[in-house]
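To keep things clear, I will list the structure first and then write my remarks on it.
Small disclaimer: the values here were computed from a predicted structure and weren't measured.
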Amino acid sequence: MKIAKILILVGGLIISGLFISLIAEPNFYSQIEPKEKYHYTTIKTWDVPGVLEEISGIFWLGDQKMATIQDEDGVIFIYDLKAKKISEEIPFDKGGDYEALAIVDDVAYVMRSDGKLIEISNYMNEDRELKVYDSFFDEENDMESLTYDKKHHRLLMIAKDEDPNFKKTKGIYAFDLKSKKFLSKPVVSIDFKDDGFKDYRHKDAYKTFRPSDMAIDPKSGDYYLLEGVDPKVLILNSQGDFKSIYKLDNDDFEQPEGITFDNYGELYISNEAVNHSANIIQLRLDK
């Protein structure tokens, strides 16, 4: 009996020693429960009304106002960040799959998932006029992005799924606001062979990054592309060169669909409702 007790005591000491040596290893706890560090700070969150639970695009208007759209109704909603409510609803068309918008002076542009671009002149007035432009995009490209490039007076967009012209790359295309024509040659092309994409590469190249919206940093001119499938933000310089990718926490960004900057370079992302209310989040990325 005494020998058995001694053996149990010795065994316990050996196991305890092994445990102590393990926890002394710097990576022990991370191996048990890995915790990824997200390199951003959420500044403020606005929960938006239920009518915007399918919020699919946002665009900064100024004076604490955000133009928003949801992907089922042909309505532009003006959301007042200061009052925390919708201040105006602007109907422009019947129901459809509306994914993104951009505002240029008194003209609103809305992108449909099938690649049709809707122009709403005098969008804030009762006498607003609507015009639809066909493009070389279609349902297979799944268009969810649109932004205004003020420097070159053009709209920019990128396919969420396959590029209409290429298999291994994905291009950012332009709609020239002077000629009112889509330009067939990409402004820049994203090369998924870049080492920055090594953690995200997919056997189908176009799935490596699937943009749900895009915006331009007014200070740097960099392109910010948002992905909602695997939430993250890709940053390219104005020549299309890879700069960085920021992974977003799914708890903060359940389904990010819209991205925009204010005039001061502050970044905002909108999320559709999933387990929580749809919202707009102001955030700051670590530099």
If hydrophobic residues (ILVMFWY) are linked whenever their side-chain heavy atoms come closer than 4.5 Å, directly or via other members, who joins Leu52 in its cluster?
Trp46, Val48, Val51, Ile55, Ile58, Trp60, Met66, Val75, Phe77, Tyr79, Leu81, Ile86, Tyr268, Ile280
With ring-ring contact (aromatic ring centres under 6.0 Å, His included) as the rule and sequence neighbours excluded, what pairs involving residues 203-235 come up?
Tyr224-Phe261
Who passes ring-ring contact (aromatic ring centres under 6.0 Å, His included) against Tyr109, sequence neighbours left out?
none
Using the ring-ring contact (aromatic ring centres under 6.0 Å, His included) criterion, which residues pair with Phe166? Sequence neighbours excluded.
none
Quick one: list whatever passes side chain to side chain donor-acceptor pair (under 3.5 Å) with Lys116, sequence neighbours left out.
Asp134
Residue list, side chain to side chain donor-acceptor pair (under 3.5 Å) with Lys167, at least two apart or on another chain
Glu162
Just wondering, are more than 12 heavy atoms of other shown residues or ligands nearer than 6.0 Å to NE2 in His276?
no
Here the pair of heavy atoms bringing Ile103 nearest to Ala108 is CD1-CB, 3.5 Å
Mind checking what makes ring-ring contact (aromatic ring centres under 6.0 Å, His included) contact with Phe253, not counting sequence neighbours?
Tyr40
Answer with yes or no whether the hydrophobic clustering places Leu236 together with Ile158; edges join I, L, V, M, F, W, Y residues whose side-chain heavy atoms lie under 4.5 Å apart.
yes
In terms of side-chain heavy atoms, does Asn141 have a donor or acceptor partner in Asp161 at a distance below 3.5 Å?
no
So does Lys180 have more than 12 non-hydrogen atoms from other groups sitting under 6.0 Å from NZ?
yes
Checking Asp176 now: which residues fulfil side chain to side chain donor-acceptor pair (under 3.5 Å) with it, not counting sequence neighbours?
Ser179
Pair Glu266-Gln282, side-chain donor/acceptor within less than 3.5 Å
yes
Between Ser212 (side chain) and Pro256 (backbone), is there a donor-acceptor pair under 3.5 Å?
yes
Does any part of the side chain of Tyr38, heavy atoms only, come nearer than 4.5 Å to the side chain of Asp286, both counted from C-beta?
no
Could you list all the ring-ring contact (aromatic ring centres under 6.0 Å, His included) pairs where at least one residue sits in residues 232-251, not counting sequence neighbours?
Phe197-Phe242
Does Asp241 offer a backbone N or O that forms a donor-acceptor pair with the side chain of Asn237 under 3.5 Å?
yes
Within the 4.5 Å heavy-atom criterion, are Ser277 and Glu53 side-chain neighbours or not?
no
Suppose clustering is done on Ile, Leu, Val, Met, Phe, Trp and Tyr with side-chain heavy atoms closer than 4.5 Å. Which residues sit in the same group as Val229?
none
Taking the ring centre of each residue, are Phe175 and Tyr148 less than 6.0 Å apart?
no
Following the transitive rule for hydrophobic clusters with a side-chain heavy-atom cut-off under 4.5 Å over Ile, Leu, Val, Met, Phe, Trp and Tyr, establish whether Ile216 and Leu177 coincide in one cluster.
no
Which residues pass the side chain to side chain donor-acceptor pair (under 3.5 Å) test with Asp97, not counting sequence neighbours?
Ser113
Ring centres under 6.0 Å, that's the criterion: do Phe137 and Tyr173 meet it?
yes
Could you give the side-chain donor-acceptor pairs of residues 181-190 under 3.5 Å, partners two or more places apart or in another chain?
none

Can you tell me if Gln70 and Glu54 form a side-chain donor-acceptor pair at under 3.5 Å?
no
The single option from Arg112, Met111, Lys160 that satisfies side chain to side chain contact (heavy atoms under 4.5 Å, CB included) with Met143 is Met111
For Ser270 and Glu257, indicate whether the former's side chain and the latter's backbone hold a donor-acceptor pair under 3.5 Å.
no
